[in-house]
Amino acid sequence: MSFKFQINKDVEFSRNKKFLKIAEENKPHLFHQEHLAQRCIKINKEKNQLQTINEEPSISNLDSKILGKGDYLILDFGDHFVSHFSINIKRHGSLMDAPLTLKLQFAEVPDELLHESSNYNGWLSSSWIAEERVHIDQLPTKLRLPRRYSFRYVKITVLDTSPKWKISLDSPSVTSESSVDENNMPQINTEDPELQKITEISIKTLAECMQDVFEDGPKRDQRLWLGDLHLQALVNYTTFKNYSLVKRCLYLFAGMTTSNGKLSADIFTNNQQVNADDTFLFDYSLFFVSCLKDYLENSDDKKTVMDLYSVAKNQIDLARKYVSHNGKLNLPQDWPAFIDWGDDLDKSTAAQAVLIKVLRDFINLNNQLGFKTDDDYFVLLDSMVSYSIQNLFDEKTKMFISNGELNIYSQIWMALANVLPKDENIKLMNKTYKKFFPVQNVATPYMYHFIVEALLQNGMKKEGTALIKDYWGKMISLGADTFWEAFKPDDLNFSPYGSPLVNSYCHAWACTPVYLIEKYNLR
Ligand code: RAM
């Protein structure tokens, strides 16, 4: 089961003033830059293929189009931006005997503009749909919308003027916003043109999500999630090398734990003060340990790691309470594992493997710090590995089972946790490849990242590279300017939320190919 909303309103969070102050001191400067719309378009849908076609007027002649009630135009900014939008509006005809009402719809991909928001029946709030109705009492004016939007396309519909006058539009522009200076993007070159394109889009995707914190997606939820941060930080180390933004995010999480020290899955940063969400995901809490280990490996900032060490260790100590003597993890209902947005597959074996992997990261962290790991943790690790081999490994199929089910999540996470000896692990990945490829029923680039990593760690360079090209390359062939939150090649209309209108099409956890390409030298 995947999680929907968790409501834990009785959970209390303590606020560590020192940690939150350090987080505040590491708040990044935001860069702004103006960009102009490139063209007007219309959207064509033929045989399920979307096309954007140039439409009159040209942008330089935009004000030649006079718009009255019911007229609309779609502007294309030529690339994806996280930005503030503005446009000049003029009146034509008699004086205004009524206000002007406009509808503005912002879209990251053209497909969003083909869905009627009034038909939305997904389970996330419809308020995420980037659509505004504005009343304007005086013309001419420069309309500047106060909210930040994440988009490439904007559709502007005139809901009403009056029969006595109409309007024209002029100088649509955006002011982009990011903690990355877009004039100073890292250059990473690969010889393979497909991988080059994938690399560039990975970097663009991460850049757009690097705001005040590492946001998961600038369209929605616009917040800091621990599982996303785990991957964003790794990509950042190979690209932007912005250590202070990672540091800020680590201190934010550690600055707001529950009274027993548990880390929330995500932090709200859009409110007047930062707050931890009352949502808890087992794997996300644990990944704080991995984040800290990766941060130390890359930044050498021992001081931060020492500050946050006990918060990390505490996640393991909380998790171990759910491991029985024989090494079986019994996940509690109020601390579910996320793994992927798919609902259909059992996640218990994957969760067992996540804890094993994180225990290894913890030992590695201790080694880096020159700390001796207590014997207890080795005993725990051994018991969990033995349990996995004795009870979860099916001798017939030579693969791991999860509550009686054979699924891809279990194989991938058990492979990443190195539960089997090296040569057996390679065999496991070969079997996984035979059994589960082409991949089906995996909903997110987040989980695809781990599939590729498990292949590459086990010497399957050709298969790993092919999967990057097939999966992320397919998004590009479908028109992606930035990589998407959810994408199922076997179900193109898939949304974890019941409607693609609230899917995010610039989502940081999808930006990992550049890291995989660099780390495993796929160039
Ligand atoms: C969604 C977001 C986020 C993810 C969580 C679990 O709300 O996509 O990136 O971490 O789910």
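Read the numbers this way: they start at 1 and go in the same order the structure lists the ligands and their atoms.
When each atom of ligand 1 is checked for a heavy atom of F338 under 4.0 Å away, the hits are 6 (C). In the vicinity of H507, heavy-atom distances shorter than 4.0 Å reach the ligand 1 atoms 2 (C), 3 (C), 8 (O), 9 (O). Contact atoms of ligand 1 toward Y497: 1 (C), 7 (O), 8 (O) (distance under 4.0 Å to a heavy atom of the residue). Shown in contact with R220 at under 4.0 Å from a heavy atom are these atoms of ligand 1, numbered in order with element: 1 (C), 2 (C), 7 (O), 8 (O). Here is the list of ligand 1 atoms found below 4.0 Å of a heavy atom in D228: 3 (C), 4 (C), 9 (O), 10 (O). Near E485, the atoms of ligand 1 lying under 4.0 angstrom from a non-hydrogen atom of the residue are 1 (C), 2 (C), 8 (O). Close approach of ligand 1 to D216 is summarised as follows: ligand atoms under 4.0 Å from at least one heavy atom of the residue are 2 (C), 3 (C), 9 (O). Atoms of ligand 1 lying under 4.0 Å from at least one heavy atom of Y284, given by number and element, are 4 (C), 6 (C), 10 (O).
Between the side chain of W123 and the backbone N or O of P496 there is at least one donor-acceptor pair closer than 3.5 Å.
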Stepwise, does the salt bridge (charged side-chain N to carboxylate O under 4.0 Å, His left out) test hold for E25 with K21? CA-CA 6 Å; E25 285 162 2; K21 184 165 172 279; 3.0 Å; yes

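Using a 4.0 Å cut-off between heavy atoms, Y446 makes no contact with ligand 1 at all. Contacts with ligand 1 closer than 4.0 Å are made by side-chain heavy atoms of D221 only, the backbone lying farther away.
Judged purely by distance below 3.5 Å, without hydrogens or angles, the side chains of S117 and E131 pair a donor atom with an acceptor atom.
The six-membered or imidazole ring of Y149 lies away from that of F85, with a centre-to-centre distance of 6.0 Å or more. Ring centroids of F487 and W472 are separated by 6.0 Å or more, keeping the two rings apart.
Taking a cutoff of 4.0 Å between a charged side-chain nitrogen and a carboxylate oxygen, K347 and D340 do not qualify as a salt bridge. Salt bridge status for E453 with K357: absent, with no side-chain N to carboxylate O gap under 4.0 Å.
Residue E112 is tested with K219, K155, R152, R220 for a salt bridge (charged side-chain N to carboxylate O under 4.0 Å, His left out); the sole match is K219.
In terms of polar-atom proximity, W509 is not counted as a contact of ligand 1, lacking any N or O under 3.5 Å from an N or O of the ligand.
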